[in-house]
Amino acid sequence: MKKCIYIFFCFFLLSSCSSKRYMLSDKGRDSQFLIQKIKEFARKGEISKTPILVVDGSPQRYEVELKKNKLNLYKADIKTIEILKLEKSIQIYGQYGKKGVMLITTSNEKKMKDSLMPEDKILVLLEGNKISLEDMKKIDPHDIKSIEIIKSKDEIIKYTKDDYQGVILIKLENK
């Protein structure tokens with residue numbers, strides 16, 4: 001009996017901790033808004049319970065970014081939530097995309113920008129050509145074939161000798 005209670009307690013503890021990565025900065029019930037949306041889409045089979053969140057163009061992976069930092073987002077800031085089709089999710093995000101991608105557009109992009117590195121420290125290459133982060137945000141996610149994010153200094157040097165902290169490589173679908 002003790003073993004059953006222990007197993008149940010461990011399962012409950014693990015399941016409640018994992019969803020906290022999707023808690024909003026709100027107080028009370030609103031802090032659970034995104035968790036409830038994820039559960040709703042997961043029940044429909046559109047995403048898993050640990051999807052990638054793309055907030056105003058910035059990917060937040062459950063296993064990476066959301067493990068390190070709390071999601072700095074309020075319910076009132078969310079304008080739209082859209083689910084990316086599974087095939088497109090896998091094309092863009094590889095293995096991570098298998099869990100689903102939730103595209104979130106906010107009414108205040110500044111809050112997410114504050115939690116990212118400065119724009120002048122990220123090099124964005126679209127089909128090998130340098131573009132701004134603003135131009136990157138104008139790209140329709142459905143037109144993207146793949147995105148690769150490079151953070152290693154040794155890899156960044158292959159693309160530029162300037163002082164960048166990351167490189168984003170974007171390839172578009174052939175039309």
Least distance between heavy atoms, Pro59 atom then Ile149 atom = CG-CD1, 4.4 Å

For Ile104 and Ile81, the nearest pair of non-hydrogen atoms, with its separation, is CG1-CG1, 4.3 Å

State whether the side chain of Ser58 and the backbone N or O of Val55 hold a donor-acceptor pair below 3.5 Å, judged by distance alone.
-> no

Residue pair Tyr164 / Ile156: nearest heavy atoms and the distance that separates them = O-CD1, 3.7 Å

Considering residues, nucleotides and ligands other than Glu127, do more than 12 of their heavy atoms fall under 6.0 Å from its CD?
-> yes

Name the one of Leu84, Val101, Ile52 that satisfies side chain to side chain contact (heavy atoms under 4.5 Å, CB included) with Ile92?
-> Leu84

Glu173 and its side chain to side chain donor-acceptor pair (under 3.5 Å) partner, picked from His142, Lys145, Lys88 | Lys88

Go through the structure and list residues passing salt bridge (charged side-chain N to carboxylate O under 4.0 Å, His left out) with Glu46, not counting sequence neighbours.
-> none

Residues at least two apart in sequence or cross-chain that pass salt bridge (charged side-chain N to carboxylate O under 4.0 Å, His left out) with Lys49, listed by chain then number, are none

Is the backbone N or O of Thr106 less than 3.5 Å from a side-chain atom of Asp56, with the two atoms forming a donor-acceptor pair by type?
-> yes

Are side-chain heavy atoms of Leu103 and Ile83 found at a separation under 4.5 Å?
-> no

Is a side-chain donor-acceptor pair under 3.5 Å present for Asp26 with Ser31?
-> no

Close side-chain approach of Leu34 to Met102, heavy-atom, < 4.5 Å = yes

Other residues, nucleotides, ligands: >12 heavy atoms within 6.0 Å of Lys161 NZ | no

Can you tell if the side chain of Tyr96 reaches within under 4.5 Å of the side chain of Ile90, non-hydrogen atoms only?
-> no

Counting only heavy atoms not in Lys153, do more than 12 fall under 6.0 Å of its NZ?
-> yes

Is the backbone N or O of Pro51 less than 3.5 Å from a side-chain atom of Tyr22, with the two atoms forming a donor-acceptor pair by type?
-> yes

